[in-house]
Amino acid sequence: MDQRVPIGDNKATGRTSGRRGRPRGPERKPLSVRILPENDRRLTAAVEQTGLNPQTLVDQALEAYFRRLKIEDPGPEPAEDLQA
């Protein structure tokens with residue numbers, strides 16, 4: 001008899017984990033900005049025309065802008081020294 005627990009089920013707590021299906025994407029940093037109403041309308045139109053979500057469109061736009069300006073990723077910030 002198969003004793004495996006289905007993905008998302010945790011019999012110890014009786015709860016299920018978050019949604020299933022799509023794998024988790026890359027780690028992202030939160031960013032909050034205010035945009036002009038006309039840019040908001042353009043972003044909404046782009047979402048409708050492409051089927052992409054706003055996060056993907058903004059990521060792609062930033063990547064294109066950085067490429068155009070030849071701005072390279074400086075790499076991760078160094079970890080703070082915990083032995084101060």
Side-chain angles (χ1 to χ4, degrees):
M1 184 159 93
D2 190 356
Q3 296 293 324
R4 290 181 285 172
V5 175
I7 294 174
D9 288 350
N10 185 337
K11 290 186 180 194
T13 63
R15 295 187 295 179
T16 60
S17 64
R19 78 179 171 193
R20 294 189 283 173
R22 198 168 83 182
R24 181 178 288 266
E27 178 186 351
R28 298 187 185 275
K29 297 286 189 175
L31 174 67
S32 176
V33 297
R34 295 182 183 274
I35 59 175
L36 298 172
E38 55 269 21
N39 288 336
D40 184 52
R41 291 189 297 270
R42 288 176 176 166
L43 180 58
T44 299
V47 167
E48 292 169 354
Q49 289 176 19
T50 65
L52 299 173
N53 62 42
Q55 178 175 293
T56 299
L57 291 171
V58 170
D59 274 339
Q60 290 176 353
L62 284 171
E63 288 172 13
Y65 185 71
F66 295 147
R67 272 194 310 274
R68 192 174 84 210
L69 294 179
K70 296 179 175 45
I71 297 175
E72 298 290 328
D73 179 1
E77 295 179 9
E80 292 184 28
D81 187 2
L82 299 177
Q83 298 176 348

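Following chains of ILVMFWY side-chain contacts shorter than 4.5 Å, one cannot reach Leu52 starting from Val58, and the two form parts of different hydrophobic clusters.
Listed by first and then second residue, the side chain to side chain donor-acceptor pair (under 3.5 Å) pairs that reach into residues 42-68 are Arg28-Asp59, Asn53-Thr56, sequence neighbours excluded.
Residues satisfying the side-chain contact (heavy atoms from CB on, under 4.5 Å) test with Glu38, not counting sequence neighbours, are Leu36, Arg41. Under the rule for a side-chain contact (heavy atoms from CB on, under 4.5 Å), the partners of Leu31 that lie at least two apart in sequence or sit in another chain are Val33.
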